[in-house]
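Notes follow once the structure below has been shown.
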Amino acid sequence: MSDRIPGFSTLAVHAGAQPDPTTGARATPIYQTTSFVFDDVDHAASLFGLQAFGNIYTRIGNPTNAVLEERVAALEGGTAALAVASGHAAEFLVMHALLQPGDDFVASKKLYGGSINQFNHSYKNFGWNVIWADQDDLAAFEVAITPKTKAIFIESIANPAGNITDIAAISAIARKAGVPLIVDNTLASPYLIRPFEHGADIIVHSATKFLGGHGNSIGGLIVDGGTFDWSKGGRYPMLSAPRPEYGGIVLHETFGNFAFAIACRVLGLRDLGPALSPFNAFMILTGIETLPLRMDKHCQNTVKVADWLTKHPKIAWVSYPGLPGDKQHGLAQKYCPRGAGAVFTFGLKGGFEAGVKLVSEVKLFSHLANVGDTRSLIIHPASTTHKQLSDDQKTQAGAGPEVVRLSIGIEDAADIIADLEESLRAV
Ligand SMILES: *Cc1c(COP(=O)(O)O)cnc(C)c1O
């Protein structure tokens, strides 16, 4: 075994975990404790001064969370990871480590609706300015970059329509501008796309979705690619300036290729506080063990459902890059040959009224605002998540009046299709 590099499915089950040294427990225990006893005063001092690694207090680190961190870092091929309370907390701590008040970042217009809100409104309070760019127009990303730009943010597979982003092309733009590329890899999971292989520098996840996979726990992860040079021109002072609270150490000099993950932990998580409960870490770890099996089934089912919808007389269009006829099928084959994920949209010929009717008729599908559950999920964005927007804004966001979004579960495809067939009959 010694020199073998384990495959993805082996890492999904084992990475980061060992039998518990004191009890022999084989599954990772839930270390449900707030704090950890020091060996002595010197040990405590070295932990607080970042001269030694170890547990102090669960807001900053916990052994159950550490297994999750090591596992996701291994699955993504990063140098280190940080588990936090939610996907939004992951995005927030990344920006906190990168941006100063008055700085800009460029973000793709096709994002999870919650990220659009977070960037447009809450981030204004920190003086962080988002500049939006259309991911189908690469020139728009170049034009959007200013001397104050500190990062680019995209999703690998974008919500809500499942669009595939050309990560390598946007990475080239980020390199040229000297800024890190952050990829939200939630909808793909590392099983379908590994963004570091295409030039990403930082990955964030909502573990709430496919990583946990069972619709039962909120959580998030930050993964450090170890690729970005933080020393350049002092543009990232959180990493390149001496830290007064840690005896003047410079994080990128002390921690090298995992300095970004350390910065998110010892500055962001320590001071802002969105810690992941060890119980949720356990749930998400358990979910990850079956990630490859679930993603294969999600993708197989989704191809069947999307293909069936293209032939239905009440359906105007289907947008799923996993279908051979889709305009993004080429990108899907390049970035996610194992499958294009389980989230996609379609349009109803009957428009808004038909969408409202369909979500009220389904029985196997759950009508709710989530994705990446074992269960099949449905939402009509125009009457729910995107209700506040003007008709024009709705259409731009891919949430026009006729649009329905599905997240296909791992039930039997025939039952998923039967539920849609019966519900469409009433539309
Ligand atoms: C859900 C989601 C988030 C936010 O994650 P939470 O865990 O709900 O905070 C961020 N990005 C994407 C793509 C998501 O689907």
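When a ligand or atom number is given, it counts from 1 through the structure's own listing order. Just so you know, residue 1 is the first one in the sequence shown, and it goes up from there.
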_So, using ring-ring contact (aromatic ring centres under 6.0 Å, His included) as the criterion, who are the partners of Y31 when residues are at least two apart?_
none
*Do S189 side-chain atoms and F210 backbone N/O form a donor-acceptor pair below 3.5 Å?*
no
*Would you list the pairs meeting side-chain hydrogen bond (donor to acceptor under 3.5 Å, both in side chains) in which at least one residue belongs to residues 140-157, sequence neighbours left out?*
D103-K150, D104-T146, E142-K176, T146-T149, S156-N185
*asked:* I need the full list of side-chain hydrogen bond (donor to acceptor under 3.5 Å, both in side chains) pairs touching residues 404-414, with sequence neighbours left out, sorted by first then second residue.
replied: N159-R405, S376-E411
Contact table, ligand 1 N/O with protein N/O, distance under 3.5 Å:
from	atom 1	to	atom 2	distance (Å)
ligand 1	5 (O)	S206	OG	3.0
ligand 1	7 (O)	G87	N	2.9
ligand 1	7 (O)	S206	OG	2.8
ligand 1	7 (O)	T208	OG1	2.6
ligand 1	9 (O)	G87	N	3.1
ligand 1	9 (O)	H88	N	2.9
ligand 1	11 (N)	D184	OD2	2.7
ligand 1	15 (O)	K209	NZ	2.7

*Identify whether the distance between the nearest side-chain nitrogen and carboxylate oxygen of R71 and E76 falls below 4.0 Å.*
no
_Under a 3.5 Å threshold, yes or no: a donor from one side chain and an acceptor from the other, between D296 and Y191?_
yes
